[in-house]
2 protein chains.
Amino acid sequence: MSIPPSESLTESMPEQDRLVTLSNGTENSFAVNAKQEQILQGAMRVFLQGGYAGTSMDRVAAAAGVSKQTIYSHFQDKEGLFVALIERVTIRKFLIEFGPEPLQGEPAILLPKLAEVFFAKMSDQEYISLLRVIIAESGRFPELAQLYVRAVIQRGRGILGSYFASRPELNISDPEATAHIFFGSLVSFILSQEVLHGKHTTPIEKERLITSLVNLILEPRAASR
Amino acid sequence: MSIPPSESLTESMPEQDRLVTLSNGTENSFAVNAKQEQILQGAMRVFLQGGYAGTSMDRVAAAAGVSKQTIYSHFQDKEGLFVALIERVTIRKFLIEFGPEPLQGEPAILLPKLAEVFFAKMSDQEYISLLRVIIAESGRFPELAQLYVRAVIQRGRGILGSYFASRPELNISDPEATAHIFFGSLVSFILSQEVLHGKHTTPIEKERLITSLVNLILEPRAASR
DNA sequence: GTCTATAATTAGATAGAC
DNA sequence: GTCTATCTAATTATAGAC
């Protein structure tokens with residue numbers, strides 16, 4: 001009646017693992033049991049697809065394969081569920097994005113590789129949808145937007161900025177600003193090509209962007225002289 | 001009973017002026033009469049604020065100061081109104097953005113100025129909201145996203161790319177890709193600082209970005225040597 | 001054309017059985 | 001804790017008076 005059997009799959013995960021301070025202090029936003037996991041899985045599909053206002057709790061329930069009341073017994077309301085979901089997805093995504101170890105290696109090797117890895121991570125549909133939703137709801141949920149800025153943008157910029165600073169031969173006067181240019185060019189590429197469907201009308205090879213970008217930072221004139 | 005007096009303000013504008021092929025072939029998306037103008041003004045405030053699904057027709061009617069039925073007599077449905085509105089705002093914004101004349105002048109003068117002008121245009125709240133909404137609804141309304149890509153992104157990239165190509169002393173092997181880097185860095189700055197509210201947690205001076213960006217394109221090593 | 005009033009449907013959230 | 005059934009409010013869209 002109380003404890004259902006066979007939940008070893010999620011039970012093996014320790015409950016308290018958070019690395020970032022989240023909004024709802026009372027409840028853990030990460031998966032706690034199988035039912036919450038199931039709800040969040042369903043919620044992810046529909047919320048990333050339809051956004052906050054465009055998704056009904058009925059659809060969430062259907063996608064998760066549970067009743068609405070079950071959702072409301074695990075999350076306070078629609079807003080609480082949405083916030084918990086986006087926090088989770090954002091943090092999950094970027095615990096993997098960059099490891100804790102700083103970047104190292106020859107710039108001519110590292111920078112193109114970094115760009116390729118970045119594109120690889122950002123090119124899957126789930127991540128594109130996440131980006132779209134975070135921007136879409138940044139008016140209604142500014143805290144989620146700021147979480148993304150801190151956990152992802154600021155983090156990436158800091159790591160690459162430190163790398164630039166550790167390479168005096170690159171002669172970069174403002175490493176942080178240059179890191180912004182690097183990632184900003186990549187993000188805006190994803191934005192115009194994938195999020196805004198520009199690749200269907202104006203496809204551009206990502207290699208062209210990477211080559212030009214790396215050339216600018218390394219040896220802007222070496223290519224043609 | 002039929003023709004209300006004193007509409008000279010909007011009447012002075014010719015009805016057929018479209019420069020881009022729009023989705024609804026039957027009806028002109030630009031302002032046709034005072035009532036449509038009034039509806040679109042109200043719709044702009046609430047749709048840019050709440051997005052498509054997050055805005056009710058009641059709120060549009062209230063914001064425009066008309067009844068719902070009046071809206072439905074001018075636009076087919078909520079979707080038609082939204083599409084007409086976003087098409088209009090997008091095109092209006094960027095008939096002014098770049099003039100038809102190509103860029104010219106010394107790169108060291110032109111590029112910083114171009115960046116400053118770009119920031120000035122993009123920094124007002126209305127434009128930030130437009131950007132947010134277009135990205136937000138790019139899943140539901142891919143045609144609107146593609147209109148934005150063509151009318152704005154592709155256009156800007158082409159103009160700056162042509163300028164780069166006309167300046168062989170810059171030694172730019174891929175002008176188009178470099179133009180993407182230029183505007184992409186600026187857009188992603190607006191995105192992280194304004195749209196995602198990053199300026200409240202990680203403010204960065206836009207002058208730092210402009211300086212680094214221009215330095216990269218012009219004389220990457222000149223600053224410190 | 002424009003408004004008020006109203007249909008028909010769907011939304012978020014809860015009650016009560018098990 | 002979970003489900004079915006239900007309540008109330010809000011939503012899109014339309015009918016009918018003027």
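Protein chains get the first letters and strands the later ones, always in sequence-line order, with residue 1 at the start of each. Values below: all heavy atoms of this structure, side chains included; hydrogens, waters and symmetry mates excluded. Everything numeric in this text was worked out from a predicted model, so none of it was measured.
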Using a cut-off of 4.0 Å on non-hydrogen atoms, how would the nucleic acid contact of A/Ser67 be classed: base, sugar-phosphate, or nothing?
base
Has the side chain of B/Gln69 got a donor or acceptor atom sitting under 3.5 Å from an opposite partner on the base of D/dA15?
yes
Which nucleotide in the list [options] gets nearest to the side chain of [X]?
X       : options               : value
A/Val66 : D/dC3, C/dT14, C/dT2  : D/dC3
B/Thr70 : C/dA13, C/dT2, D/dC3  : C/dT2
A/Asp58 : C/dG12, C/dC3, D/dT12 : C/dG12

Assess B/Lys93 against B/Tyr127: is NZ or CZ under 6.0 Å from the centre of the six-membered ring, and within 45 degrees of the ring's axis?
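Here B/Lys93 fails the 6.0 Å and 45° test against B/Tyr127.
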Does a side-chain N-to-carboxylate-O contact under 4.0 Å join B/Arg88 and B/Glu37?
yes
Salt bridge check, A/Glu116 against A/Lys206: does any charged N sit closer than 4.0 Å to a carboxylate O?
yes
To the nearest Å, how far apart are [X] [atom1] and [N] [atom2]?
X       : N      : atom1 : atom2 : value
A/Leu81 : C/dG12 : CG    : P     : 11 Å
A/Lys78 : D/dA10 : NZ    : C1'   : 12 Å
A/Glu79 : C/dG12 : CD    : C1'   : 12 Å
A/Phe47 : C/dG12 : CZ    : C1'   : 11 Å

What closest approach, in Å, do B/Val149 and A/Ser192 show between heavy atoms, and which atom pair accounts for it?
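Here B/Val149 and A/Ser192 meet closest at CG2-O, 4.1 Å.
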